[in-house]
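Step one of this worksheet: look at the structure below.
What you see is a predicted model, and the numbers here were worked out from it, not measured in a lab.
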Amino acid sequence: MNPMIAALSQGRPLIGLWQALANAYTAEICASAGYDWLLFDGEHAPNTLQTLLAQLQAVSAAPVEAVARPPVGEPTVIKQYLDLGFRTLLIPMMESAEQAAGMVAATRYPPTGIRGVAGSTSRASRFGADTKYLSTAHEHLGLILQIESRAGLDAIEEIAAVEGVDALFIGPGDLAGALGHLGNPRHPDVQTAIDAAIERTLAVGCPVGIFALDAEDARRRFAQGVTFASVGTDIGLLAGGARALRRAMD
């Protein structure tokens with residue numbers, strides 16, 4: 001079983017860090033910092049398949065789960081990410097059970113899904129050395145769907161109930177915009193919607209995670225029953241540290 005999904009099913013809080021610098025060197029540094037998972041962002045970061053591959057290789061020796069977010073929930077892109085060797089995906093902007101079922105199909109080989117068969121040419125199969133990969137790949141995959149719109153909120157129970165969906169993930173940034181409070185995820189309306197989304201997801205027995213606004217927000221969400229949260233970004237650490245050091249010299 002996918003180790004991250006196994007941990008989520010046990011209710012153990014997992015702390016993550018967003019990777020948006022698109023750099024293998026910084027990814028390797030972050031992988032040794034003790035986080036449970038790192039999110040490699042293909043949606044808003046300047047990543048290509050080649051930069052993602054380099055980062056995946058850079059963190060492979062660390063005891064951290066490499067989670068990838070493709071730019072869009074599209075089967076061709078999902079196929080490429082899986083062939084690279086990512087086994088846990090976080091798909092953005094999910095808004096219906098039909099979409100969710102399509103993402104499950106995109107991660108499974110025929111006859112249960114539509115994932116293209118690469119076999120010995122994919123890194124995921126260790127270039128053919130794992131002779132059982134085609135028949136067992138689905139056992140090790142983790143599929144997390146991101147809820148970040150009004151439509152996603154409205155359909156959250158139906159999305160969570162789709163067989164093959166392992167967890168949901170709340171995106172406060174886009175959700176704030178969708179609710180009319182762009183740039184202000186701390187607005188009471190947004191926070192109320194997030195509270196309800198967490199409660200509704202847990203009520204149907206599905207693990208839920210969130211992009212926490214800061215460490216204190218993450219602690220509060222863990223207390224609510226969230227089982228995985230990102231607590232910052234590599235860009236934020238670099239930018240914050242650089243600015244703090246400069247201010248210290250004034």
Minimum heavy-atom separation for [X] to [Y], with atom names?
{"X": "Ala24", "Y": "Ala58", "answer": "O-CB, 3.5 Å"}
{"X": "Leu213", "Y": "Pro185", "answer": "CD2-CG, 3.8 Å"}
{"X": "Pro207", "Y": "Thr227", "answer": "CB-OG1, 3.8 Å"}
{"X": "Ala27", "Y": "Gln19", "answer": "CA-OE1, 3.4 Å"}
{"X": "Glu43", "Y": "Asp41", "answer": "N-OD1, 2.9 Å"}
{"X": "Ile170", "Y": "Ala197", "answer": "CD1-CB, 3.9 Å"}

Task: Residue pair Asp195, Gln224: steps toward the side-chain contact (heavy atoms from CB on, under 4.5 Å) verdict - done: CA-CA 8 Å; Asp195 291 341; Gln224 285 182 295; 3.0 Å; yes
TODO: Apply the test side-chain contact (heavy atoms from CB on, under 4.5 Å) to residues His138 and Thr136: give CA-CA distance (whole Å), side-chain angles for both, the deciding distance (0.1 Å), then the verdict.
DONE: CA-CA 6 Å; His138 64 284; Thr136 63; 5.6 Å; no
Any link between [X] and [Y] through a network of hydrophobic side chains (Ile, Leu, Val, Met, Phe, Trp, Tyr) touching at under 4.5 Å?
{"X": "Ile15", "Y": "Val208", "answer": "yes"}
{"X": "Ile91", "Y": "Leu141", "answer": "yes"}
{"X": "Leu175", "Y": "Leu168", "answer": "yes"}
{"X": "Leu237", "Y": "Trp37", "answer": "no"}
{"X": "Tyr81", "Y": "Met103", "answer": "yes"}

From [X] atom [atom1] to [Y] atom [atom2], the distance as rounded to the nearest 0.5 Å:
{"X": "Ile235", "Y": "Thr26", "atom1": "CD1", "atom2": "OG1", "value": "9.0 Å"}
{"X": "Ile78", "Y": "Asp83", "atom1": "CD1", "atom2": "CG", "value": "12.0 Å"}
{"X": "Tyr35", "Y": "Leu17", "atom1": "OH", "atom2": "CG", "value": "4.5 Å"}
{"X": "Arg87", "Y": "Ile5", "atom1": "CZ", "atom2": "CD1", "value": "10.5 Å"}
{"X": "Leu53", "Y": "Asn47", "atom1": "CG", "atom2": "CG", "value": "11.0 Å"}
{"X": "Leu49", "Y": "Gln80", "atom1": "CG", "atom2": "CD", "value": "4.5 Å"}

TODO: May I ask you to say whether Glu95 pairs ionically with Arg150, meaning some side-chain N is under 4.0 Å from a carboxylate O?
DONE: no
List the atom pairs, donor and acceptor, that lie under 3.5 Å between side-chain atoms in residues 153-166 and the rest of the protein, sequence neighbours left out.
| from | atom 1 | to | atom 2 | distance (Å) |
| --- | --- | --- | --- | --- |
| Glu157 | OE1 | Arg200 | NH2 | 2.8 |
| Glu157 | OE2 | Arg200 | NE | 2.8 |
| Asp166 | OD2 | Leu143 | N | 2.8 |

Open item on the list: Could you check, using the six-membered ring where one of them is a Trp, whether Phe40 and Trp18 have ring centers closer than 6.0 angstrom?
Closed with: no
TODO: Could you give me the CA-CA distance, side-chain angles and deciding distance for Asn2 and Glu65, then say whether side-chain contact (heavy atoms from CB on, under 4.5 Å) is met?
DONE: CA-CA 9 Å; Asn2 181 293; Glu65 183 68 18; 3.9 Å; yes
Heavy-atom distance under 4.5 Å between the side chains of [X] and [Y], does that happen here?
{"X": "Phe86", "Y": "Leu52", "answer": "yes"}
{"X": "Ile210", "Y": "Ile194", "answer": "yes"}
{"X": "Arg69", "Y": "Pro92", "answer": "yes"}
{"X": "Glu148", "Y": "Met94", "answer": "no"}
{"X": "Asp36", "Y": "Val64", "answer": "no"}

Side-chain H-bond candidate by donor/acceptor type, [X] with [Y], under 3.5 Å:
{"X": "Asp174", "Y": "Ser149", "value": "no"}
{"X": "Gln191", "Y": "Arg220", "value": "yes"}
{"X": "Gln55", "Y": "Asn23", "value": "no"}

Open item on the list: For Ser125, is there any backbone N or O sitting under 3.5 Å from a side-chain donor or acceptor partner on Asp130?
Closed with: no
TODO: Run through the side-chain heavy atoms of Ile, Leu, Val, Met, Phe, Trp and Tyr, join any pair under 4.5 Å, and report what else lands in Tyr133's cluster.
DONE: Tyr109, Val117, Leu134
Task: Any residue meeting ring-ring contact (aromatic ring centres under 6.0 Å, His included) with His181, in chain and number order, not counting sequence neighbours - done: His187
